[in-house]
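Taking it in order: structure first as structure tokens, then the write-up.
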Amino acid sequence: MAKKNKERLNTVDEEKEIIDGEDRESGTNGITEVWNFFSSMKLGLILFLIIAAAAIVGTLIPPDPQTNLPKFNIYGQIWFRGLLGLLCMNLLVCSLNRWKFISRALGNPKARVSENYLKKLKQFSSIRKKGNLAGMAGSLEAALKEKGYRVFKEEADGTTFLAADKGRVGVLGSFVTHLSFLIITAGAIYGGFTGYEGFVNALEGQSFSLTKDVSWSTAHRPDPDEEFQVKVNRFWIDYRPDGSVKDYYSDLTVIDQGQEKTKKVIEVNDPLNYKGVKFYQSSFGPANRVTAKVASKKTMQENEYTVYEENGFPVEGTDTEVRVLRFIPDFDPSNPGQSRSNLPNNPAVIYELLKGGQSVETNYKLLNVPIQTDDATVTFTGYQVGNYTGLSVRKDPGVPIVWTGSGLMVLGMLISYLWQHRKIWAVVREANGIAIADIGATTDKNKLGLENDFNAIVDTVQD
Amino acid sequence: MNEMIWYYSAIAAYLLASLLYIGYLVSKNKPLGDAATGITIVGLIANTGALVLRYIITGRAPFSNMYEYSTSFAWGIAAIYLYAEFRYKLKVVGAFVLPLALILIASTLMLKLPTEPGNLPPALQSNWLTFHVIVAVFAYGAYAFSCGLAIMYLWKESMEKNKSKSFFNRELPAANILDELSYRFIAFAFPFISLVIITGAIWAEYAWGRYWSWDPKETWSLITWLVYSAYLHARFTYGWKGRRAAWMAVIGFFTVLFTYFGVNILLPGLHSYAA
């Protein structure tokens with residue numbers, strides 16, 4: 001029996017070691033030492049502080065005034081990613097090492113422990129009371145069950161061993177929390193490899209193609225078979241009575257394989273999601289439309305076109321094209337590039353003439369004043385002031401994984417908070433009509449809660 | 001502007017309570033201590049009034065500018081402090097924690113920032129923002145409390161080591177109690193600070209399409225999280241207690257304050273709504 005008790009004591013020491021996260025394998029060869037280092041809490045702590053220090057430096061690098069992004073991105077550096085990777089590895093090894101302890105804690109506790117071990121515990125009490133062993137063991141068991149403990153009993157050599165525990169599910173809390181960190185990281189890496197991100201400026205009434213018109217900022221891009229189009233039906237801004245912007249909106253329609261699939265008015269904080277690709281209201285800018293009448297001298301036909309700035313229209317029967325460069329609402333001949341105001345006091349159009357694709361003339365013309373060329377008469381007859389909408393386009397298949405990990409992190413912390421594993425052992429003997437019970441208890445967390453349980457149980461049995 | 005009366009009353013009450021707690025600390029005069037607690041309760045009521053009125057006037061949670069955030073965070077510190085005072089019966093801690101509530105609530109005036117209700121820019125119009133800030137209020141309150149306890153610990157511990165015969169060494173709570181309580185509040189706040197980061201990430205994903213973009217605010221919240229993670233792991237596995245733990249608690253709260261003030265005022269980014 002003495003040998004058995006010794007084994008049990010060893011096991012308890014082992015538990016302590018595993019909590020440390022340092023699985024000290026026997027032997028001190030190089031590989032073992034390296035393994036011990038990678039699985040040590042010490043490495044974890046060092047990494048916490050190095051990563052924190054590097055992150056601080058990263059926030060102090062001044063941003064580029066043009067892009068508003070840091071000039072030097074520490075967080076994208078291979079060594080910074082390496083540190084995060086090392087932290088994940090350390091965490092994984094520590095969790096695996098801890099699993100032995102957790103699975104044992106989740107099972108049934110061993111009833112047979114030595115009195116010496118009990119006496120070493122912070123919570124220890126010895127009760128002597130007139131009566132017999134069975135009576136003492138029985139009232140202890142009842143008191144433990146009253147407090148919600150599971151009780152295991154073993155009898156040997158005229159001694160009764162009791163082991164009781166409660167809240168063992170609590171040991172899963174920190175395990176789940178640590179695992180969740182790995183899941184979040186896995187989601188971020190997966191999203192980084194499979195996702196893409198880009199930007200598109202789109203005009204009202206026009207469609208853009210996912211695979212052709214979006215400018216991508218990531219190396220990874222959508223496959224050609226992911227193609228669909230998005231039509232911007234309308235873009236508008238809502239203002240508050242004081243003139244400040246309340247929100248920006250784009251009315252979008254998704255067209256896939258020539259069919260209208262879905263329609264949504266997006267706003268800031270409420271994107272459109274189609275097949276995992278999300279469209280975010282991100283910016284806007286001025287985009288004006290100009291209407292022109294074109295009378296071709298070759299075909300004697302008159303056509304009317306409405307185009308956005310930077311767009312052109314043809315002269316029928318010729319290789320001449322007219323491009324609208326800019327619409328100027330309040331034209332000032334002494335400073336043709338600049339509008340005097342936003343009011344339509346003197347509307348004019350800056351245009352470019354092309355022949356066979358070659359630019360031949362850039363000039364301006366007031367509204368309703370005809371331009372005479374060799375082969376046509378062109379008159380700008382009207383305009384519409386408007387905006388284009390700027391949309392962020394993102395696909396990140398890692399996001400659900402990151403949210404799962406985040407949920408598990410909260411769950412793990414909740415488990416740790418709600419349940420603490422409390423263990424109580426008792427060794428009960430009988431001598432000369434007196435029953436003797438040595439009771440010891442231990443827990444990792446909330447020592448005060450255990451103390452309350454322990455004192456209540458001892459008091460009940462003593463009375 | 002009668003909501004400002006509530007705000008100024010809260011400042012005055014926290015100032016008076018701080019002085020009363022310090023008076024109680026140096027005299028152990030019971031009526032002084034009771035007055036300190038009473039004035040703190042008055043301060044918390046006034047603080048609540050200022051926030052509720054702002055809510056009624058604007059029709060949204062009071063989380064749009066530095067005035068509203070600071071007033072909310074001061075509320076968190078005072079509320080957590082009062083809870084702890086009643087729960088643990090440690091009045092003297094008020095001398096170390098109430099000044100932190102005072103600094104926060106008065107910071108808007110000291111930094112000459114506007115107190116008028118601001119318009120919520122489109123990116124901030126999200127229910128996730130409300131949730132995000134409410135969790136932060138509790139986390140910051142608990143961290144402020146643990147920091148106050150840690151400062152007390154550092155003082156008390158050095159007196160105990162020198163076997164000081166001073167009045168303070170006799171009257172302050174034992175160093176190990178201060179250490180244990182400081183730890184408990186850090187452990188309590190950790191799930192909250194994690195939730196602050198998670199709700200912030202969810203909101204960022206809705207607003208900008210990225211749950212994490214290493215924006216200075218995000219990065220500093222991660223730094224705070226890492227410092228407190230280190231604290232908890234060191235304590236749990238290596239039994240780090242005492243001076244080292246106390247210094248980490250102080251550094252941790254410094255990172256909290258920098259995440260709030262430093263990032264808003266000094267570092268540009270999506271969260272720099274101070275201007």
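Naming convention: chains lettered A, B, ... in sequence-line order (proteins, then strands); numbering from 1 in each chain. The analysis underlying the following values was restricted to heavy atoms, covering all of them including side chains, and did not include hydrogens, waters or symmetry mates.
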Fill in: Greatest number of heavy atom pairs closer than 4.5 Å to chain B - which of A/T59, A/D270, A/V268, A/V393
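Heavy-atom pairs under 4.5 Å are most numerous for A/T59.
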
Discussion item. At a heavy-atom distance under 4.5 Å, which candidate from A/S244, A/S282, A/G44 has the highest pair count against chain B?
Written reply: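 Of the candidates given, the most pairs with chain B belong to A/S244.
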
Aromatic plane relationship, [Y] with [X] - under 30° parallel, 30 to 60° tilted, over 60° perpendicular:
X	Y	value
B/F192	B/F138	tilted
B/Y69	B/Y260	perpendicular
A/Y196	A/W216	perpendicular
B/Y7	B/Y67	perpendicular

Discussion item. Which atoms of A/F279 are under 4.5 Å from chain B, going by heavy atoms: the side chain, the backbone, both sets, or neither?
Written reply: neither

Worksheet entry | Contact origin within A/E197 toward chain B - heavy atom pairs under 4.5 Å | side chain

Which answer fits [X], side chain, backbone, both or neither, if we ask what part of it has an atom under 4.5 Å from a heavy atom of chain A?
X	value
B/W212	neither
B/I202	both
B/S126	both

Fill in: Residues in residues 176-187 of chain B near chain A [non-hydrogen atoms, under 4.5 Å]
B/R184

Fill in: Worked verdict on B/Y143 versus B/F253 for ring pair (Phe, Tyr, Trp, His ring centres under 6.0 Å)
CA-CA 6 Å; B/Y143 282 142; B/F253 189 62; 7.8 Å; no

